[in-house]
Amino acid sequence: MSDMKGLAELEKRQERKSRFRNFLGLAILLGALGWSTVHVAILSFGPESDTSLVAGKTVIRFAHWQLEGRCVDALNDACREYEKLHPGVAVEQIPIPERAYEQWVRTQLIGRTAPDLIEMRWAGDIISRYFVPMTDRVEKPNPYNADDPNLAGQPWRETYVDNMMGGWNDQLRDYYGMPLSVFTVRCYANRTLMKEAANVTEPPKSLGEFLDICKKIQKYAQAGGKSRKLLPIAGSDYTENVFRGRYWAMSTWDLLEEYDQNCDGWLGDNERIEAILTGKLDLATNPCVRAGYRVLYDISRYFNPGFMASKRDDSVFYFAQSNAAMIATGTWDAGSLWKQVAGDFDIMVFDFPIPKPDEPYGQYIRHRLTEAGDRSGFSFGLTRISKDKERAIDFMHFLTSRKVNEKLNEKFRWFPAIRGAKTDSILEPFRPQDKGTYAVFDVWFAGDTQLRFNQKYSKYISDVDPEDSDYREFLKVAAGDRDAFRKRYRGLADKYLARLGDKAPGQIHYTFEEHYLPDWRDNHYEEFIRSYAADYKELALADFDRNLVGGYYPIVESEGSLAHSRVQAMRTGLSTTVRRNYVSQIMGQAGRLGERADNKASSERIRAYLKDRKDVAAGKEGGK
Amino acid sequence: MKNVTFRQVRYLWPIYLLVLPSLGLIALFSYFPAVSATYHAFFQWNGDEISEYIKWDNFARALHDPVLGASFGLVMIFICANFVTMVPSIVTAVVIHRLSSERWRYLYRVAFVIPMIIPGMVWLLLWKYFYNPTVGVLNAVLDATGLISVLQWLDVQMPMLARLITPARDAILQPVFGGIWGFGLFGVVVLGALGGIRGALRGWLWWIALLAGAWGLWGPPLPDWTHFHFVEGLVRWSAHPATGAKLGHMGALLAAALTFGQILHNRRPWGPEVIKWAGVVILAVFGVLVATTAVWTEPTSAFKNASPPAWLGNVNLIIPALLFWGFPWVGVLGVLLYLSGLGNIDQSVYEAADIDGCGWFRKFTHIELPLIMTQIRLSLMLMIIGALQGWGLVFILLGDSGGPGGVAMLPGLYMFHEAFTVGEVGYACAIGLLLFGLIVYLTIINNRYVRVSK
């Protein structure tokens, strides 16, 4: 009996123990949870919630995607210098890889956790929602220039070499960015390889000559069994983009004359969409558009195979390792490239050549791209959620003061954005040239039109040319059944049959170099552009409709903004030549049209067109 | 398992409280975003302030969206590839399991764990270098071994073979099965009819899967109904003659397959064997026909004399390169998972098999494979979910447009692109919901039909 009692007692004791252990565990867990909740609450809502305050210091955070070691180090040095001047302030640099930068910033902005200053690269909707307009501020002097005899007392805007046009947003008619540097892009060539493979010691004088050199290098590589290792041009999606930025802009300059309805010197979204959808501009047949895409295809033949899957680092690596004779990149790679190749070979730098009038594309590419109107870059915007906007602006004042900007860019090995700041001698060949045209036309609209363009264009530009064996196969099929031939080769077969006329296959002069390859390239281009043009008609309307519904362009339609923009553009940035072109364009258009069509009228026309299309579509389906 | 009564709760409440923090965190970080995404899928939403209720428009747009459609097609290829890529892991696990020395078994297990510490990014860079057209290992091997000329030869011969077989294939298969894919589906239905009509109908999800597949594969295209109001569109679509034609064709074939299954179902022991072999033969012929007439139908022009194949830059090579990625596909996690299953098999089972005179292959097919089916099912499910959700690799290698021609665009990548590049977060939520639905559906199918027999 006593045993039973003892057992019951023991059980009770164990139960108490177990309950105690449970309570203890629970108490620890709840304690930890409670503490973390309170801590998070204090950080979120309390006086410490201000993330710009850490250990009694004001923290300024800035994000950018310039990950080059020199750049990060130079900015770090500048931050420490600023902290010395302002002991109550800490500056934090957040470098983000370029590939994920846009998505990272968008998430931070939406989540209200973005840094105070962000390197900018967006269209109107993001900027107008999340960034602070700086127009009032840029008219006041930069206090850090007070001891500079040339810049003291001048408005901040006017201390810039481009009058701060790099911070100006055309769409929103306000200054939003505070730039630090100026960039230009050039072709770099390995002097030793150019001499060895193409017997060239001077930069090419025309596009034809440039392509000729590329061909010589390619042949040299093939003859020496090095075709898989030695490339004329180090290609990557980035290099392709650099070439596109130049040649596309140069070849489509003439479109301005025809389609710039509001005479603002730029073919805006509305003008493009209207011209393309109403058939006034046919992407497939317009000679300027055609020349732009064809010249890029011709150049890309000298890139490495599969270049669209290569990145900027890959192409720089090819060039630095003497696996490629040339590369196209900007001032931002100059310092590191010179350092990497020192002792191995000399670098020759030259501007992108344009064709002579009697060379292919010479009719459409007549002027170089001006860099006089090029805007300063590496531009930072002030976010609306910044807790200490004045301090953030003060930090930007510091970075854009002549002395600091000069020192910063000396370390970057980039052009300073501030007047009077000295430039590194290495950058001499990169000095902006002020004659020529500027970019006026993007072929995509936004959203899905851009995605589809990227997909189709990358396929078009990276496809491999046919070889002799393909040509022989083509001729063999052409000699057989006509229908099977047409079915297999489609447009290419049509071109051949048109050349053939009434003659039998084999009776006409038809060679690989002279006929088959040009026909193939023509056909390749047409397949790409017709397919994209069809997509554009489908997608651009939807993009446009959604953007209007979403109110993404609230300010574009505002009356009077154009005049303001024009005055700003005229006042600053553009060279005399370009300004003259610009004015003549405007006056010519205005005289011919009789009245100025503005973006709003254009939007209404597109809306009406959109509505008609919907009605027609509904009517068709309803009739079935 | 016993239900907990309310009285007991009085004593057990601290335990429930212990669960609460975890539940709260799961609710906050897993369920709330999911619910929010479901809600916002019906809005035109930019992720922040702009929000407008647009009913089913995002879903209607998704149904129309050719990029999304193609991306689901691609993910299906990756899912099917999983059935092949999981085999080397199973074989490796079995080989390690059969090692007589415990010490060696242990060493191999460790050897398989070590690669887990290699960061994913290093792995990615290694493979990227492997595929590099100019300085990569793969092209160097192809050049050194002369395999590049084999590929050049195949690039001429395979399309020729396709052109030779396709007319005969179409002449035979088109009228009866509506094409090659219909023929393949017929093979699946024949296998599905193994248990007779009753057995086949019991697996209703199986039938839904087949119907959905058949719908897309057979007959003339249907009118676009999403243009109209949902109900109106559905009525118009049902009344369309093409719908009737499709249903008739499909019904006749399904009936034929089921009748075949029912007749042979009770003719034991040879009846079920005949069905099984008929299904396997049909599917084997289907596989050969797909390989010869539907994959390599045009010269890729990727294997030139002058320029090496650009595995990640040529539209025709990107998908094969991604499928080949990770070869020989011996997954660390998979091997360890299968080894854990194999470790549970009692030694007596092997002894019994030895007495019965089973060889190494029969032991594999009759003992090991059935007994690790739980692990295979789990692994397959994880791989399917991974294939549907994964897009990071393509994003890093080819960017958010899915590479040249957008050939490598995956649903997850498209969702990411729409949300974070375009800023159409509402539409991205709708795509996410569709993905979620597909994952749930495939998981149910997997759980139901990848059988576990103990």
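So you know, we letter chains A, B, ... as the sequences are listed, proteins then strands, and number each from 1. Just so it is clear, the model here is predicted, and its values are computed rather than measured.
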Q | Options A/K311, A/R488, A/M308, A/K456, ranked by heavy-atom pairs under 4.5 Å with chain B, top entry | A |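 When all of A/K311, A/R488, A/M308, A/K456 are compared, A/R488 has the most.
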Q.
Tell me which of these, A/S469, A/P305, A/A100, has more heavy-atom pairs under 4.5 Å with chain B than the rest.
A.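 The candidate making the most pairs under 4.5 Å is A/P305.
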Part of [X] within contact of chain B (heavy atom distance under 4.5 Å):
X: A/Y457; answer: neither
X: A/D314; answer: side chain
X: A/D237; answer: neither

Is chain A contacted by the side chain of [X], its backbone, both, or neither, given a heavy-atom distance below 4.5 Å?
X: B/Y131; result: neither
X: B/Y427; result: neither
X: B/L397; result: backbone
X: B/D400; result: both

Report the distance from atom [atom1] of [X] to atom [atom2] of [Y], rounding to the nearest 0.5 Å.
X: B/N132; Y: A/N304; atom1: CG; atom2: CG; answer: 8.0 Å
X: A/F307; Y: B/T134; atom1: CZ; atom2: OG1; answer: 12.0 Å
X: B/H417; Y: A/Q450; atom1: NE2; atom2: CD; answer: 6.5 Å
X: A/E467; Y: B/F303; atom1: CD; atom2: CZ; answer: 12.5 Å

Q) Who wins among B/A310, B/G402, B/A419 for the most heavy-atom pairs under 4.5 Å with chain A? A) B/A310
Q: Could you go through the side-chain contact (heavy atoms from CB on, under 4.5 Å) check for A/R452 and B/V67 one step at a time?
A: CA-CA 9 Å; A/R452 209 61 68 82; B/V67 178; 3.4 Å; yes
Looking only at heavy atoms, what is the nearest atom pair of [X] and [Y], with distance?
X: A/L451; Y: B/S401; value: CD1-CA, 3.8 Å
X: B/G47; Y: A/I110; value: O-CG2, 3.0 Å
X: A/R106; Y: B/F420; value: NE-O, 3.0 Å
X: B/G405; Y: A/S458; value: N-OG, 3.5 Å

Q: Take A/Q455 and B/V315 through the test side-chain contact (heavy atoms from CB on, under 4.5 Å) and record every step on the way to the result.
A: CA-CA 10 Å; A/Q455 293 182 336; B/V315 175; over 6 Å; no
Q.
Restricting to side chain to side chain donor-acceptor pair (under 3.5 Å), what partner residues turn up for A/S236, sequence neighbours left out?
A.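 For A/S236 the side chain to side chain donor-acceptor pair (under 3.5 Å) partners, ignoring immediate neighbours, are A/T239, A/S315.
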Q. What do you reckon, is OH of A/Y471 surrounded by more than 12 foreign heavy atoms closer than 6.0 Å?
A.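 Counting neighbours around OH of A/Y471, more than 12 heavy atoms of other residues, nucleotides or ligands fall under 6.0 Å, so yes.
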**Q.** B/F130: partners by ring-ring contact (aromatic ring centres under 6.0 Å, His included), with sequence neighbours left out
**A.** B/W127
Q) Given the rule in the side chain to side chain donor-acceptor pair (under 3.5 Å) test, do B/T421 and A/E102 qualify, once you have shown the distances and angles that lead to the verdict? A) CA-CA 7 Å; B/T421 305; A/E102 216 166 298; 5.5 Å; no
Q: Output yes when A/E473 and B/R163 qualify as a salt bridge under the 4.0 Å nitrogen-oxygen rule, no when they do not.
A: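 Yes, this pair counts.
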